[in-house]
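One structure below.
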Amino acid sequence: MARTVAGSAALRVTAEVVGWWAVLTGLWLVLISRVDLLEWVVGSCASLLAAFGARAARVAATGRSGSA
Amino acid sequence: MNGWLLAAAVVLALGVAPALWGATTGPLRRRVVAQNVAALLVCLVMLLLAQGYARPSYIDLGLVLAVLGPAGTLVYARLLAAELAADPPTARVTRAMTVLSAAAPPLVVLPLCVATGPGRSLVKLLLIGALLTAGNTISGRAVSGTTSLPREAHDG
Amino acid sequence: MSRKARLWLLAVGGIGVAVLLACAAFDLPGFGGTSHPYGERAVRSALARHTANVISSVNFDQRAFDTLGEESILFAAVLGTVVLLRETRDEHSEPPETVRVDPHVRRYALIALPVTLLIGLYIIAHGQLSPGGGFQGGVIVATALHLLYIAIDYKALERIRPAAAYAIADAAGEAAYVLLGTAGLLAGSVFLANFLPYGTFNTLSSGGTVPLLNAAIGVEVAGATVVLLARFLDQALEIEGGGTGGTGRQDEEANRS
Amino acid sequence: MADLLVVLALTLVVAAATAAVLTRDPARQALVLALLGLALAVLFTALQSPDVALSQLAVGSALTPLMLLLTVRKVRGRGHRGGRKRGRA
Amino acid sequence: MSVLPYLAAGWVFLVGCYGLATSRNLIHAVGCLSVCQSSTYVLLLAVGYRRGGTAPVFSDIAPGSRPVVDPVVQALVLTDVVVGATVTALLLALVIQTAKRHGTVDPDELSELRG
């Protein structure tokens with residue numbers, strides 16, 4: 001039982017981070033004026049960083065790591 | 001005779017100057033609302049100047065101000081909460097504030113979108129308009145709504 | 001030296017400075033003139049190094065050593081603030097009060113924080129192309145983190161912001177800048193030389209060391225600003241007591257177990 | 001037209017600076033300083049220097065007011081109401 | 001018009017000095033100091049301006065297609081704005097320290113407290 005609960009919690013965490021990551025990468029591509037490979041790489045790294053920031057902020061704000 | 005620069009000058013003279021007057025005189029509640037209005041109008045002026053000078057890279061100024069303007073007003077709402085709670089802005093001022101922050105951005109951003117034509121910068125402009133409208137309605141609510149908090153504790 | 005005498009002295013001195021400033025103003029070349037010798041040379045050498053934003057090229061390539069000086073001023077100022085605002089022996093800190101905030105404002109903060117963070121990183125990354133750079137982007141990233149305090153409460157910010165980590169980021173930014181400089185030295189030319197290939201114009205990899213120095217400054221400014229605000233927030237919200245002039249010290253000591 | 005904008009922005013900066021100096025209360029001065037920052041950003045854009053305007057916006061809109069108001073809160077907390085219980089955070 | 005920005009910068013500087021000298025609150029004095037600093041930004045950028053010129057940032061225009069203003073003064077002012085904010089923070093930290101040690105932030109009262 002504990003393993004599935006931990007599994008679903010991990011799933012929810014990755015779902016949230018991946019969700020934020022996709023939205024923020026899209027936002028990055030809107031911000032830049034010219035799209036090339038390096039922009040994609042730097043954009044996805046920055047978006048990943050911001051996605052983890054988003055999750056940490058939500059956990060810090062709500063005090064619980066569960067979904068809000 | 002560049003129309004966009006003229007529009008920017010008009011917004012500066014008829015919008016930001018009275019906001020400066022409002023922020024230097026009168027009760028504290030009106031000053032905070034005036035600062036919020038000034039941040040909103042200066043962001044719109046930045047977008048107009050970007051189009052007027054034919055320099056798309058100036059839009060980043062509007063982008064940053066659309067995000068940091070409301071944050072600045074929230075700083076006042078948070079740190080002057082005691083004084084603002086004691087003497088909250090009148091309902092009339094609050095309504096005028098919400099109407100302005102809902103009406104002004106589209107009024108400026110839509111003609112700019114028409115002028116820039118379809119493409120990535122159009123999406124960027126719409127994004128800035130959305131950020132600005134959302135940010136200013138929230139900061140307007142935070143400034144005026146400090147007392148009318150829902151009684152139940154804030155949700156998770 | 002009564003207050004009135006000081007005002008008179010201020011008036012006389014002020015008028016003197018005003019007259020000198022006016023004379024100097026009328027000797028300066030007219031506003032909007034076309035003679036900018038340094039400007040043309042700076043633009044020419046920036047374009048030679050494939051850096052689109054000439055101001056970043058001036059800051060991080062032609063005058064990189066001055067920017068190292070400014071960065072050290074920033075580092076020293078933050079160091080001074082940390083030392084001044086530390087919690088002294090006769091002070092004690094308590095957890096900050098939780099504040100009830102409008103749920104809409106909370107939701108806005110949780111959405112605006114990652115967006116602002118991303119815009120700050122965008123401004124840093126495109127420092128050598130479009131307007132922006134390490135200094136502006138660093139401040140925006142730091143302000144993004146503090147949306148948690150501004151719109152929610154200080155406890156939330158403390159959970160997400162271990163002050164030690166940002167102090168390390170502050171120092172790491174400064175160290176990275178100096179290391180990049182010495183790398184130029186090791187590459188056989190001058191300290192802080194632009195030894196990397198310049199890449200194609202107006203792309204993210206253009207400008208040689210300019211983007212890397214930009215990133216180093218961005219990390220340093222973001223870390224410095226977070227540490228700075230951490231000290232101010234602790235002082236204003238948590239640390240109580242402390243010496244309030246001579247008399248206050250005894251009773252503070254008394255009730256401090 | 002560009003000169004008109006420079007003159008307009010200059011008058012805003014001069015008015016905001018004079019107002020910032022004449023506002024004796026630090027909390028209210030922080031507000032006017034924020035407006036001075038906005039006027040400066042418009043002037044820098046009119047003088048064709050977007051990098052400096054961006055720097056002024058980043059620093060002047062949220063960072064400086066936050067520090068000023070935190071200092072006011074710390075000093076005011078000690079100056080007049082030295083009591084334990086202070087206003088909400 | 002050819003002198004207006006320089007005179008405006010001079011006026012802002014003098015107003016800042018007046019505020020600094022006659023201030024009765026150290027936090028107000030720090031605010032006036034940042035007003036003085038901003039006058040130097042106005043002067044420097046006014047010196048670098050070229051009528052009809054645009055910003056020397058070539059991410060969206062071709063180099064050499066339009067006259068540009070002077071980038072060197074902009075680089076000077078850019079870093080100065082951020083460093084100025086950090087120095088303001090250091091001054092505010094000193095003000096907090098003074099308030100703790102002497103219980104007051106009025107410069108006139110401070111000058112009477114010896115040690």
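This one's a predicted model, so the numbers in the text were calculated from it and none came from an experiment. Per chain, numbering begins at 1; letters A, B, ... match sequence-line order.
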- Message: Run the side-chain hydrogen bond (donor to acceptor under 3.5 Å, both in side chains) test against Asp66(C) and tell me which residues pass, sequence neighbours left out.
- Response: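 side-chain hydrogen bond (donor to acceptor under 3.5 Å, both in side chains) list for Asp66(C), sorted by chain: Arg63(C).
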
- Task: Output the residues of residues 112-143 of chain C for which the shortest heavy-atom distance to chain A is under 4.5 Å, in residue-number order; output 'none' if no such residue exists.
- Result: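 Within residues 112-143 of chain C, the residues that come under 4.5 Å of chain A (heavy atoms only) are Leu113(C), Pro114(C), Val115(C), Leu117(C), Leu118(C), Ile119(C), Leu121(C), Tyr122(C), Ala125(C), His126(C).
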
- Task: Spell out the residues in residues 186-203 of chain C that have some non-hydrogen atom less than 4.5 Å away from a non-hydrogen atom of chain A, in order of number; otherwise answer 'none'.
- Result: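 Only Asn202(C), Thr203(C) of residues 186-203 of chain C have a heavy atom under 4.5 Å from chain A.
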
- Task: Taking all non-hydrogen atoms of both residues into account, name the closest pair between Ala156(C) and Ala61(A) and its distance.
- Result: CB-CA, 4.0 Å

- Query: What closest approach, in Å, do Ala60(A) and Leu148(C) show between heavy atoms, and which atom pair accounts for it?
  - Reply: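 The answer is CB-CD1, 4.4 Å.
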
- Note on the structure: Bottom line for Leu204(C): the part with an atom under 4.5 Å from chain A's heavy atoms is both

- Tell me, please, which residues at least two apart from Val35(A) pass side-chain contact (heavy atoms from CB on, under 4.5 Å). Leu29(A), Ile32(A), Trp40(A), Arg120(B)

- Note on the structure: OG (Ser205(C)) and CG (Asp36(A)) are apart, to the nearest 0.5 Å, by 7.5 Å

